[in-house]
Amino acid sequence: MSEKQNAQNNSEHSIVAKNWWKEGVVYQIYPRSFKDSNGDGIGDLQGIISKLDYIQSLGVDIVWLNPIFASPNDDNGYDVSDYCAIMPEFGTMNDFDLLLSGLHERNIKLVIDGVFNHSSDEHIWFKESRSSRTNKYRNYYHWWPAEKGKPHHRFSFFDENNDAWKYDELTDAYYLHYFSAKQPDLNWENPQLRQEIYKIMRFWLDKGVDGFRLDVISFISKDVSFPPIPEIYNNDFPRYYANGPHLHQYLQEMNKEVFSNYNCMTVGECVAVDINDALQFVDSESKALNMFFHFDSVDYGYKKNEFKQPDPNGWKLTGFKEIFSKWNDVFADNGWGSIYLGNHDQPRMVSRWGNDSPEYREASSKMLLTFLLTMRSTPYIYMGDEIGMRNIRFNAIEDYRDIDTLKNYHQIKNTNGDVDYFMEGQKATARDNARTPFQWNEKEHAGFTDGEPWIKLNPDWEFVNAALQETMEDSVLNYFRKILKLRKQFPELIYGKYELLEKENEEVYAYTRILNDEKILVVLNFSKTNAPFSIPENIGLPGEVLINNLKEIIFHKSVIELLPYQAAVIRLL
Ligand code: TEU
Ligand code: CA
């Protein structure tokens, strides 16, 4: 049955076709930091296996694993040297098979991270490619012969000089790397390369994995004449990178050649894709991807034209609502969204969007989880957010491990920039904030490892850890389990129409989710002050409070007297 017919058959419930990946909740695991099984201080596959019951106890349906492939780890696995082998630090293929079957036994699907915009420079393809201009792998990458002069500037995220072209003496040519020089970009314009990638995808899907998160997939197509960047891009490199000439052709080809032959899901990391282009990626007719991650929310509240500095004026709830509402509306009739407030590239959710002071950490973590699990999009929960983990805010550059922070630090230092200002900003925005080890219990190293952890633990682990929260009925962890159950119990929370209330309210984010005659109201106080919210008469009367993140909830008729960071999900009559 086509997706369209399926949608029509389902029309009494919703206007979109139903799918497991629309109904599922995704739990993201950064393997390096989840659980170490052999005392080398690095999380690994056996570590994850030892925590399968914990993962199942959360109630999540899908696990997304960050890269686990062989890699020299210039960028923690986002530089792959062999796509069909497991990184020895993480374990063996046998461990992987055990993890996959362990998840499947528990009815949890596994999505892996496909890093196909670039490989490692230590991948055999690249070693061959750079060996001579006539090597048969030469065109697997982007080379610019030096006799043509210096190629037009391309920006690199992970290069100290921001230069994405690296000169290679061996063949007197430059190669392209949007990320670090150890992450050369693959040449998708080469049909042979594309077939190799499809083969790798099939290898994993034939093993039984349930889909792919596709790293920076919006960047894969390049204009290989490498012209100057057209002025309309105003030096917005990511935006230019996301508008490659054959991007949609490749995504559709990938779908036809690979994904359409499996019951799998795909979620693209679509850096610099905005609402106007959204449907091209996920429209049921376009036959490309199922979902993608946009960057509007995670870029919000950072200073423009300055690399990841928080805006001193902060961010506004009205702006936040506007972003999520507009992204909801794009997919109201077609396509499907994904929603996240943090991941391995972002600071901790509660530190950024909530309030991580001892007083409000729990309430605001629960409030944000309520938001993620009551929106009309597939929720992606980053490990540790279910126990309210916080930013570590390293003071010393020596504590950082991330290439992103280290590269910027050196760049600023070498150009006599303001290093202190940069370091202060990193406390709020650095990726390592989310990469500190998962806090399992109150034992040494929070039960993450028996050895020395590869990155420091957040010193708050004695009071922020999973074991402690297991024992407390009202912990963030137990609240997460409850709100997740609620999403399963009320289909309106998945498929129901989303309607924003009180758009201008700077304290309260309120919306309804409506499916047929069922109406649910969600109210979220994003502020640390009391905030009354009046339920408008025309939408219904407060019926049952399905969940509330604080001890009590105060109503005066149709007015809810929300306490700081209070969240409630209410059935309307
Ligand atoms: O991230 C792509 C990306 O552009 C950003 O999210 C990135 O973290 C940021 O620009 C750095 O300043 C993906 C992965 O999620 C990230 O971990 C990798 O480092 C990157 O691709 C390269 O593979
Ligand atoms: Ca280990």
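In each ligand, atom 1 is the first atom listed, and ligand 1 is the first ligand listed. Basis for what follows: all heavy atoms, side chains included, without hydrogens, waters or symmetry-related copies.
- Closest protein heavy atom to atom 14 (C) of ligand 1: Asp215 OD1, 3.1 Å.
- For the ring-ring contact (aromatic ring centres under 6.0 Å, His included) criterion with Trp64, the lone passing option out of Phe212, Phe293, Tyr27, Trp21 is Phe293.
- For residues 388-421, the pairs satisfying ring-ring contact (aromatic ring centres under 6.0 Å, His included) are Phe394-Tyr400, with sequence neighbours left out.
- Protein heavy atom at the shortest distance from atom 1 (O) of ligand 1 is Glu269 OE2, 3.1 Å.
- Using a 4.0 Å cut-off between charged side-chain N and carboxylate O, Asp345 and Arg435 make a salt bridge.
- For the ligand labelled ligand 1, residue Arg213 lies inside the 4.0 Å heavy-atom shell.
- Taking atom 19 (O) of ligand 1 as the reference point, the nearest protein heavy-atom neighbour is Asp75 OD2, 2.5 Å.
- Arg431 NH1, 2.8 Å is the protein heavy atom nearest to atom 8 (O) of ligand 1.
- Close contacts between ligand 1 and Phe295 involve ligand atoms 6 (O) [criterion: under 4.0 Å to a heavy atom].
- What sits closest to atom 12 (O) of ligand 1 on the protein, heavy atoms only, is Asp404 OD2, 3.0 Å.
- Arg401 forms no cation-pi arrangement with Trp454, by the criterion of a distance under 6.0 Å to the ring centre and an angle within 45° of the ring axis.
- A cation-pi geometry, defined here as NZ or CZ lying under 6.0 Å from the six-membered ring centre and within 45° of its normal, does not hold between Arg352 and Tyr340.
- Under a 4.0 Å N-O distance rule, the pair Lys166/Asp121 does not qualify as a salt bridge.
- Contact check for Tyr78 versus Ser71: no side-chain heavy atoms found under the 4.5 Å cut-off.
- Between Met349 and Ile381 there is no side-chain heavy-atom pair separated by less than 4.5 Å.
- Annotation: protein N, O or S atoms under 3.0 Å of the Ca ion (ligand 2) (waters excluded) comprise Asp36 OD1, Asn38 OD1, Asp40 OD1, Ile42 O, Asp44 OD2.
- Among all protein heavy atoms, the one lying closest to atom 9 (C) of ligand 1 is Lys308 NZ, 4.1 Å.
- Less than 4.0 angstrom separates some heavy atom of Phe158 from each of these atoms of ligand 1: 11 (C), 19 (O).
- In terms of protein heavy-atom proximity, atom 10 (O) of ligand 1 is nearest to Phe157 CD2, 3.6 Å.
- When each atom of ligand 1 is checked for a heavy atom of His344 under 4.0 Å away, the hits are 14 (C), 15 (O), 16 (C), 17 (O).
- Note: Phe203 and Tyr83 fail the aromatic proximity criterion, with ring centroids not under 6.0 Å apart.
- Numbered from 1 in the order shown, with element, the atoms of ligand 1 that lie under 4.0 Å from a heavy atom of Val271 read 4 (O).
- Less than 6.0 angstrom separates the ring centroid of Phe438 from the ring centroid of Trp440.
- Using a non-hydrogen distance threshold of 4.0 Å, His118 registers as a contact of ligand 1.
- Remark: Lys222 is positioned above the aromatic ring of Tyr178, its terminal NZ or CZ atom under 6.0 angstrom from the ring centre and at most 45 degrees off the axis.
- Screening Asn255, Ile217, Val267 for a side-chain contact (heavy atoms from CB on, under 4.5 Å) involving Leu289 leaves a single residue, Ile217.
- Trp125 and His123 have tilted rings, their planes meeting at an angle from 30° to 60° on a 0 to 90° scale.
- Given atom 17 (O) of ligand 1, the protein heavy atom at minimum distance is Asp345 OD1, 2.7 Å.
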